[in-house]
Amino acid sequence: MADSLAFHGPTGPCPADDPRLWPNVAAARLGGTAELFAGLGWTARDGWWALTRDPRIWALLPEADVVVLAVGSMDTLPSPLPTALREGIRYLRPDPLRSWVRRAYLAAQPHLARLLRGRPVALPPKTSVRYLNRCVRSVRLLRPDLPVVGIVPSVHRAPAYAGVHTGHAPACAAIRSWASRVDIPLVDLPALVGPGLAAGDTNPDGMHWGWHLHAEVGQAFADLITHRLQHA
């Protein structure tokens with residue numbers, strides 16, 4: 001379960017079976033296949049909703065070798081409007097009003113992110129941890145033997161948020177602490193992708209990754225999962 005970092009390449013979104021995407025890179029290194037459940041802007045809450053509402057996941061869990069909770073990065077982004085209002089823009093009618101409101105919000109977002117110093121965020125750290133923990137508890141209830149791995153939330157250099165990311169450090173601290181308590185190994189995305197983003201190995205949006213970073217992240221997941229399976 002992931003956000004758009006799992007299916008966006010250097011020029012935009014890709015089909016889930018594109019072999020260059022990091023979930024498929026990781027699966028190929030492990031000699032298996034990846035089943036991706038992801039969406040634009042997915043937070044830990046969306047991961048929980050997918051786990052509890054999507055019957056395709058229920059069908060796959062009995063045969064899965066590992067569950068990857070690659071959600072949490074989008075939780076850390078500035079969200080000047082409450083999530084319910086921001087996501088509700090898509091439901092506005094008539095169409096010209098919806099388009100106007102969306103353009104106005106996107107134009108204001110970087111200025112508001114700077115003005116409000118990155119607060120509030122899309123999902124507060126305590127809430128992210130709560131939903132991640134629910135996911136892990138549910139998986140372990142159904143499959144106590146099934147390994148689960150996660151992430152340290154990624155970083156960005158996105159003009160859409162004026163480069164503001166003050167919510168990142170608190171979220172990382174909260175997730176690291178939680179993962180240590182419940183024995184969930186993490187791939188450190190900031191350490192992996194931060195230098196690449198700074199060097200320009202990125203989508204022009206400053207958030208999603210180039211193929212070199214996808215390859216590195218996929219290999220890191222493969223290594224982490226291999227270690228986890230060997231010590232399960």
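Note that the numbering runs from 1 along the sequence shown for the chain.
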A quick test of your reading: do over 12 heavy atoms of other residues, nucleotides or ligands sit less than 6.0 Å from [atom1] of [X]?
{"X": "W100", "atom1": "CH2", "result": "no"}
{"X": "R102", "atom1": "CZ", "result": "yes"}
{"X": "R56", "atom1": "CZ", "result": "no"}
{"X": "D65", "atom1": "CG", "result": "no"}
{"X": "R130", "atom1": "CZ", "result": "yes"}

Quiz item: So if you build clusters from Ile, Leu, Val, Met, Phe, Trp, Tyr with side-chain heavy-atom gaps below 4.5 Å, do V187 and V152 land together?
Solution: no
Exercise. Report yes or no: do W209 and L77 belong to one cluster of Ile/Leu/Val/Met/Phe/Trp/Tyr joined by side chain heavy-atom distances under 4.5 Å?
Key: yes
Exercise. Compare all side-chain heavy atoms of H168 with those of P190 and state whether any distance is below 4.5 angstrom.
Key: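 When only atoms from C-beta onward are counted, P190 and H168 do touch, with a gap below 4.5 Å.
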Quiz item: Looking at side-chain heavy atoms only, is the closest gap between M74 and L123 below 4.5 Å?
Solution: no
[X] side chain to [Y] main-chain N or O, any donor-acceptor pair under 3.5 Å?
{"X": "W22", "Y": "F7", "value": "no"}
{"X": "N203", "Y": "G9", "value": "yes"}
{"X": "H208", "Y": "G12", "value": "no"}
{"X": "R143", "Y": "L61", "value": "yes"}

Quiz item: Among T76, L132, I184, whose side-chain contact (heavy atoms from CB on, under 4.5 Å) with I175 holds?
Solution: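 With I175 as partner, T76, L132, I184 yield a single side-chain contact (heavy atoms from CB on, under 4.5 Å), made by L132.
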Quiz prompt | R114: salt bridge (Lys or Arg N to Asp or Glu O under 4.0 Å) partners, not counting sequence neighbours | solution =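 In terms of salt bridge (Lys or Arg N to Asp or Glu O under 4.0 Å), with neighbours along the sequence ignored, R114 is linked to no residue.
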Would you be so kind as to tabulate the donor-acceptor pairs closer than 3.5 Å made by side chains of residues 85-92, with sequence neighbours excluded?
{"from": "R86", "atom 1": "NE", "to": "S79", "atom 2": "OG", "distance (Å)": "3.2"}
{"from": "R86", "atom 1": "NH2", "to": "S79", "atom 2": "OG", "distance (Å)": "3.3"}
{"from": "R86", "atom 1": "NH2", "to": "T83", "atom 2": "OG1", "distance (Å)": "3.2"}
{"from": "R90", "atom 1": "NE", "to": "E87", "atom 2": "O", "distance (Å)": "3.2"}

Quiz item: Who pairs with Y161 by ring-ring contact (aromatic ring centres under 6.0 Å, His included), at least two apart in sequence or on another chain?
Solution: H156
Self-check item: Those residues that, when tested against H227, pass ring-ring contact (aromatic ring centres under 6.0 Å, His included) (two or more places apart)
Solution: H231
Considering all heavy atoms, the nearest [X]-[Y] contact:
{"X": "A26", "Y": "A222", "result": "O-CB, 3.9 Å"}
{"X": "P80", "Y": "A113", "result": "CG-N, 4.3 Å"}
{"X": "A162", "Y": "P110", "result": "CB-O, 3.5 Å"}

Measure the spacing between [atom1] of [X] and [atom2] of [Y] and express it to the nearest 0.5 Å.
{"X": "Y105", "Y": "L112", "atom1": "OH", "atom2": "CG", "result": "7.5 Å"}
{"X": "I151", "Y": "L192", "atom1": "CD1", "atom2": "CG", "result": "11.0 Å"}
{"X": "R157", "Y": "L197", "atom1": "CZ", "atom2": "CG", "result": "7.5 Å"}

Quiz prompt | side chain to side chain contact (heavy atoms under 4.5 Å, CB included) between R140 and V182, intermediate numbers included | solution = CA-CA 11 Å; R140 287 177 172 171; V182 298; 4.2 Å; yes
Quiz prompt | side chain to side chain contact (heavy atoms under 4.5 Å, CB included) evaluation trace for Y131 with D75 | solution = CA-CA 11 Å; Y131 282 112; D75 307 32; over 6 Å; no
Practice problem: Starting from the C-alpha separation in whole Å, work towards a yes-or-no answer on side chain to side chain contact (heavy atoms under 4.5 Å, CB included) for L36 and N24. | Solution: CA-CA 9 Å; L36 179 63; N24 300 319; over 6 Å; no
Exercise. Could you note down all residue pairs passing side-chain hydrogen bond (donor to acceptor under 3.5 Å, both in side chains) where residues 173-182 supplies at least one of them, sequence neighbours left out?
Key: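 Non-adjacent pairs meeting side-chain hydrogen bond (donor to acceptor under 3.5 Å, both in side chains): N133-W178, R176-D188, S177-R181.
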Exercise. Sort and list the pairs that fulfil salt bridge (charged side-chain N to carboxylate O under 4.0 Å, His left out) and have at least one residue in residues 223-232, not counting sequence neighbours.
Key: D183-R228
